[in-house]
Every structure is written in C-alpha cells, then in structure tokens.
Amino acid sequence: MTKKLFVKTYGCQMNVYDSERMAEALGAGGYEQIDTPEGADMILLNTCHIREKAAEKVYSELGRLRPLREANPDLKIGVAGCVAQAEGEEIMRRQPLVDLVVGPQTYHRLPAMMEAVDRGEKALDTDFPEEDKFAHLPKLRTPKRGPTAFLTVQEGCDKFCAFCVVPYTRGAEVSRPADRLMGEARALVDRGVREITLLGQNVNAYHGAGPDGEWGLARLIREMAGIDGLDRIRFTTSHPNDMEDDLIAAHGDCDKLMPYLHLPVQSGSDKILKAMNRKHTAEQYIRLIERIRAARPDLLLSGDFIVGFPGETEDDFQATLDLVNAVGYGTAYSFKYSSRPGTPAAERKGQVSDAEASERLQRLQALLGEQQRATQDSMVGRRVQVLFEKTGREPGQMVGKSEYLHAVHVDGPEDLRGEIAAVEIVASRSNSLAGRLI
Ligand code: 5AD
Ligand code: SF4
C-alpha cells in the first residue's frame with residue numbers, strides 16, 4: 001500500500017527544488033505526494049532560517065499539526081531545510097511531535113531515516129557529509145512536468161555577508177559537475193519542461209567541473225541553450241562581484257537567456273556596504289548595471305534590500321533611496337534587518353529601533369512600488385512572448401509568464417498550456433498584465 005506524503009515548502013526557490021527531490025527520494029520508499037496535510041502519513045516541513053519571522057513559522061506550523069497527530073497517532077512529522085540545520089536538536093527537544101530532522105545536505109539519507117522512524121525511533125541528521133547528495137538521489141522520476149522547472153547548480157556561499165545565515169546553514173560553496181547538470185536539464189526537457197531556472201545561493205559564482213575543464217555559469221548557460229526543446233533559461237540569485245564579462249555578454253547574445261536579472265545590492269551606502277562585507281561600493285554597482293544594460297537594454301532588473309542594518313543612519317538610508325532612483329528596478333524585495341544568531345552583525349552596536357526600521361521600510365517600499373508599477377504599466381501596447389503555465393481565475397483564461405517574468409493572462413484555450421505564444425499587452429492590473437493573443 002502506498003503511503004501519503006505532504007511537503008510544505010518555505011523560503012527560497014532552492015527549497016522548492018529540494019522539496020521535489022526529497023519527495024522523489026521518499027517516493028522510492030513508497031510515498032506518494034499529496035496536496036493537503038489532511039490524510040497524510042508523513043508531513044515534511046522544508047524550512048527557511050533567513051529571517052527570524054521565517055524561522056518562527058516552523059514552530060507555529062508544528063502547533064497547527066497537533067490535532068492531525070491526535071487524530072492519527074501514526075502520522076510522522078519531519079522538519080527539513082535551514083531551520084532543521086540551525087536548530088535541529090532544539091526542535092527535537094522542544095517539540096515531541098517531531099520524528100525526524102534532516103538538514104539541506106543530508107536529505108539523500110531520508111529513506112534510511114524513515115526506516116528508523118517507522119521502527120518508532122527519532123532520526124536526526126544535520127551533517128555536512130563528504131559525499132555529494134545529488135549523486136545519491138534517485139534520478140528524476142516525475143513522469144510529466146509543467147513547462148517550467150528549477151535546477152540547483154550550486155549550493156552554499158563563501159561570501160559571509162555580515163547579516164546572513166546561509167554560509168552556516170547551507171555550508172561552503174559547492175558547484176555541481178556540469179555533465180550531471182546537462183543530463184538533468186535534458187531529462188527535464190524530455191518531461192515537457194521548456195524553461196529552466198538555474199539556482200544557487202550565489203549562482204553566478206558557479207564553477208563546475210566540465211568535460212574540458214572548469215565551466216563558469218556563462219558556459220553552462222550557452223551549453224544548455226544548445227538543448228533542443230529548451231526555450232528559456234534564467235538564473236538566480238547572483239552577487240554583483242561575480243557578474244563576469246562572459247555572463248554579461250551572454251545577456252546580449254544568448255537568445256534563450258531571458259532579459260531578467262535578480263542582482264541584490266542590499267544598501268546604497270558605502271559605509272553600510274562595507275559593514276555588511278559586500279566588498280563593492282554603490283558606484284561600482286551602478287557602473288555594473290550600466291554595463292549589463294549596454295549588453296541587454298530591455299533587461300528587467302530585480303534586487304534585494306535590507307533596511308535598519310546596525311549603524312544605518314538616516315543619511316545611509318537616503319543613499320539607498322538615491323541608488324534606487326539611479327538604477328530603476330522593475331521589481332525588488334526589501335526587508336527589515338533581522339538579527340540572526342551566530343552572524344557577525346548580530347554582535348554589533350548601533351542596532352536600529354524597530355519603529356525606525358519599519359518607517360524606512362515603508363518609504364523604500366513606496367519608491368520600489370512606484371518603479372515596479374511604472375515598469376509594468378510601460379508594457380501596455382508592447383508585444384511579448386508568453387510561456388503559458390496554467391488556467392486563470394476566470395473561466396476561459398490562461399496564465400503564463402513573459403520574458404520579463406511578468407504574469408500575463410489572456411482569453412485562450414487550455415491547450416495553450418506549455419506553449420509559447422505572442423501576446424499584445426492591453427492592460428496593467430495590480431499584479432499582472434492582461435493580454436490578447438496575436
Ligand atoms: N535580515 C534581513 N534580510 C536578510 N536577508 C538575508 N539575511 C537577512 C537578515 N538577517 C535578505 C537579503 C538577501 C535575501 C535573500 O534576504 O536581502 O538577499
Ligand atoms: Fe547570504 Fe547571499 Fe551574502 Fe551569500 S551572498 S552571505 S547567500 S546574502
């Protein structure tokens with residue numbers, strides 16, 4: 001009899017990829033994935049530790065699962081991902097509901113861990129093992145896929161930004177071998193995938209072993225662009241200091257590389273950038289953006305910002321607003337600084353009050369919101385190519401993404417799913433564009 005698995009994913013796209021691979025690893029052990037926690041034999045929370053709020057969600061979600069466990073004493077509950085890595089032993093101590101804790105680098109061991117759990121034991125594994133987990137995971141099994149997929153090409157980070165837990169929860173930077181990635185990309189395309197987003201905490205630092213020496217991200221993208229049936233390539237998240245010339249050039253001359261780039265800067269103040277250990281100035285970032293836009297003028301730029309980093313004054317914050325005005329973002333994510341245990345910034349003096357950080361966040365988000373609105377509105381009247389993914393909210397509607405990652409909906413038949421079609425944009429709505437098939 002097959003058992004039912006429910007996986008809930010928090011945080012970044014790398015967690016989305018990991019959740020798929022964990023489900024596949026457990027699939028080999030007889031688990032079939034379902035979409036709701038009700039009726040599950042096993043619930044796995046794949047967690048995020050990046051900010052305090054994200055981490056707290058785990059504990060509140062575990063509280064919500066209690067009635068399910070009371071109704072079904074055989075229900076197994078596992079915690080995976082970065083909270084598991086950082087706080088696994090404490091979770092086991094504090095939450096008797098939890099049967100299993102697995103970190104991001106050991107989930108290839110899940111089937112064996114589940115055997116222990118099925119015997120009534122608790123299982124915890126948050127090692128940073130010698131072996132490559134990907135080499136020990138089952139081959140991609142899911143027979144039919146939607147038209148888009150994520151593919152993790154590198155994990156971990158050696159940058160040690162002063163605020164960030166990633167170097168501790170995900171470990172040192174590791175790039176996967178290029179031939180395996182090419183194989184995985186081909187396997188995805190065979191299953192109907194037409195767009196692949198290459199993932200890494202620091203994806204443009206990719207330097208994997210290739211058949212003829214080391215490949216950088218640009219080489220990997222160019223080789224993948226040679227795969228028939230793969231129409232679109234994206235990558236995320238990048239660090240400004242790893243935007244090398246060949247990657248910038250690829251934005252200009254590789255048709256399958258989409259004109260969208262997420263390139264976080266975090267702050268516009270040189271003093272704060274230095275305190276963050278970002279190792280570049282605001283001016284260097286602005287010059288870099290100019291070079292990328294020279295290669296691809298219509299590129300839609302996205303970013304991440306942190307306000308209220310320790311020591312940030314009103315002048316420093318103003319410098320961030322100035323940078324946003326100078327650069328112009330099509331979309332962006334902005335956060336209040338969250339002090340993370342074990343990171344260098346957590347120990348620093350000059351912590352900014354929550355009220356002040358909230359106020360700055362509001363002002364920054366107002367500016368970024370205006371830019372996002374203006375970028376989206378400027379699409380009206382333009383022709384874009386849309387990769388259709390699913391049916392829309394209204395009957396007869398189909399929804400997909402443009403080259404610029406805008407959600408676009410049109411009136412059209414369901415067999416558009418998985419197709420790329422030319423669309424004229426006719427209106428800009430709150431979070432999407434309305435278009436007409438040409
Ligand atoms: N506090 C607030 N935001 C953070 N980020 C990373 N660590 C923290 C933190 N401690 C943000 C950065 C990063 C994004 C993924 O999350 O902007 O680019
Ligand atoms: Fe964290 Fe990104 Fe900085 Fe690495 S580059 S430490 S993942 S914010």
Side-chain angles (χ1 to χ4, degrees), residues 12-18 20-21 24-25 104-105 107-108 128-142 145 147-159 166-167 170-239 241-258 260-263 292 295:
C12 66
Q13 293 152 328
M14 300 191 56
N15 268 10
V16 176
Y17 177 84
D18 288 340
E20 283 179 14
R21 302 304 306 264
E24 287 179 343
Q105 300 309 342
Y107 63 75
H108 55 299
F128 286 106
E130 287 291 308
E131 75 270 16
D132 169 15
K133 69 166 177 270
F134 295 113
H136 290 79
L137 284 165
K139 283 225 158 59
L140 298 179
R141 300 156 52 91
T142 325
R145 302 276 319 218
T148 66
F150 294 129
L151 173 51
T152 294
V153 305
Q154 104 26 262
E155 282 193 287
C157 184
D158 297 336
K159 293 275 190 290
V166 164
R170 292 265 173 176
E173 202 277 333
V174 179
S175 293
R176 300 180 60 192
D179 55 349
R180 280 184 194 275
L181 295 173
M182 292 298 293
E184 223 176 282
R186 286 192 196 95
L188 287 167
V189 171
D190 288 345
R191 286 160 178 73
V193 168
R194 301 187 64 177
E195 174 181 290
I196 293 181
T197 302
L198 306 176
L199 300 179
Q201 258 97 28
N202 213 169
V203 71
N204 58 342
Y206 176 80
H207 58 108
D212 52 0
E214 200 170 89
W215 288 13
L217 186 65
R219 175 76 189 275
L220 185 67
I221 289 169
R222 289 182 196 283
E223 297 287 339
M224 281 194 185
I227 298 178
D228 269 348
L230 179 62
D231 296 292
R232 293 177 158 195
I233 302 169
R234 305 178 184 276
F235 62 90
T236 196
T237 287
S238 299
H239 192 289
N241 290 356
D242 292 315
M243 274 319 283
E244 285 173 357
D245 292 347
D246 55 349
L247 188 55
I248 296 175
H251 270 291
D253 61 34
C254 180
D255 291 345
K256 292 186 181 181
L257 182 58
M258 291 293 102
Y260 180 101
L261 177 64
H262 183 65
L263 195 62
I292 301 167

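For the atom pair Leu151 CG and Leu220 CG, the distance stands at 8.0 Å (nearest 0.5 Å). Residue Gln13 holds its CD atom at 12.0 Å from CG of Asp18, rounded to the nearest 0.5 Å. Taken to the nearest 0.5 Å, the NE2 atom of His251 stands 4.5 Å off from the CG atom of Leu257. In this structure, Asp246 CG and Cys254 SG are separated by 11.5 Å, a value rounded to the nearest 0.5 Å. From Arg21, atom CZ reaches atom OG1 of Thr152 across 9.0 Å, with rounding to the nearest 0.5 Å. Here CG of Asp179 is found 8.0 Å from CH2 of Trp215. Values are rounded to the nearest 0.5 Å.
Qualifying side chain to side chain contact (heavy atoms under 4.5 Å, CB included) partners for Asp158, counting only residues two or more places apart in sequence or in other chains: Ala172, Glu173. Checked against salt bridge (Lys or Arg N to Asp or Glu O under 4.0 Å), Glu131 has the following partners two or more places apart in sequence or in another chain: Arg109.
In this structure the side chain of Leu263 reaches within 4.5 angstrom of the side chain of Ile292, judged on heavy atoms. Side-chain contact between Val203 and Val153 is present, with at least one heavy-atom pair separated by less than 4.5 Å. A 4.5 Å side-chain heavy-atom check between Tyr17 and Glu155 finds every atom pair outside the cut-off. At a threshold of 4.5 Å between non-hydrogen side-chain atoms, the residues Val166 and Met14 do not count as touching.
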Subject >> Asp253 vs Arg222, side chain to side chain contact (heavy atoms under 4.5 Å, CB included): CA-CA, chis, key distance, verdict >> reply: CA-CA 10 Å; Asp253 61 34; Arg222 289 182 196 283; 2.7 Å; yes
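In this structure, the side chain of Asn204 engages the main chain of Asp242 through a donor-acceptor pair within 3.5 Å.
A salt bridge does not link Glu184 to Arg180: none of the charged side-chain nitrogens sits closer than 4.0 Å to a carboxylate oxygen.
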Give the table of side-chain donor-acceptor pairs shorter than 3.5 Å for residues 228-237, with sequence neighbours excluded, one pair per line with atom names and distance.
| residue | atom | partner | partner atom | Å |
| --- | --- | --- | --- | --- |
| Asp231 | OD2 | Arg194 | NE | 2.7 |
| Asp231 | OD2 | Arg194 | NH2 | 2.9 |
| Arg232 | NH1 | Glu195 | OE1 | 3.3 |
| Arg232 | NH1 | Lys401 | O | 3.1 |
| Arg232 | NH2 | Gln385 | O | 2.7 |
| Arg234 | NE | Glu195 | OE1 | 3.4 |
| Arg234 | NE | Glu195 | OE2 | 3.3 |
| Arg234 | NH1 | Glu403 | O | 3.1 |
| Arg234 | NH2 | Ser402 | O | 3.1 |
| Arg234 | NH2 | Glu403 | O | 3.3 |

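Counting all heavy atoms, side chain and backbone alike, Lys256 lies closest to Ile227 at NZ-O, 3.3 Å. Contact record, Leu247 with Ile221: CD1-CD1, 3.8 Å, taken as the closest heavy-atom pair. Taking both residues in full, the closest heavy atoms of Tyr206 and Pro177 are given as OH-C, 3.9 Å, listed atom of the first, atom of the second, then distance. Minimum interatomic distance between Pro129 and His108 (heavy atoms only, all atoms of both residues): CG-CE1, 4.1 Å. The two residues Gly156 and Gln201 have their closest heavy-atom pair at N-OE1, 3.0 Å. Considering all non-hydrogen atoms of both residues, Ala178 and Gly210 come closest at CB-CA, 3.9 Å.
With a 6.0 Å radius and a threshold of 12 heavy atoms from other residues, nucleotides or ligands, Asp255 has its CG atom at or below the threshold.
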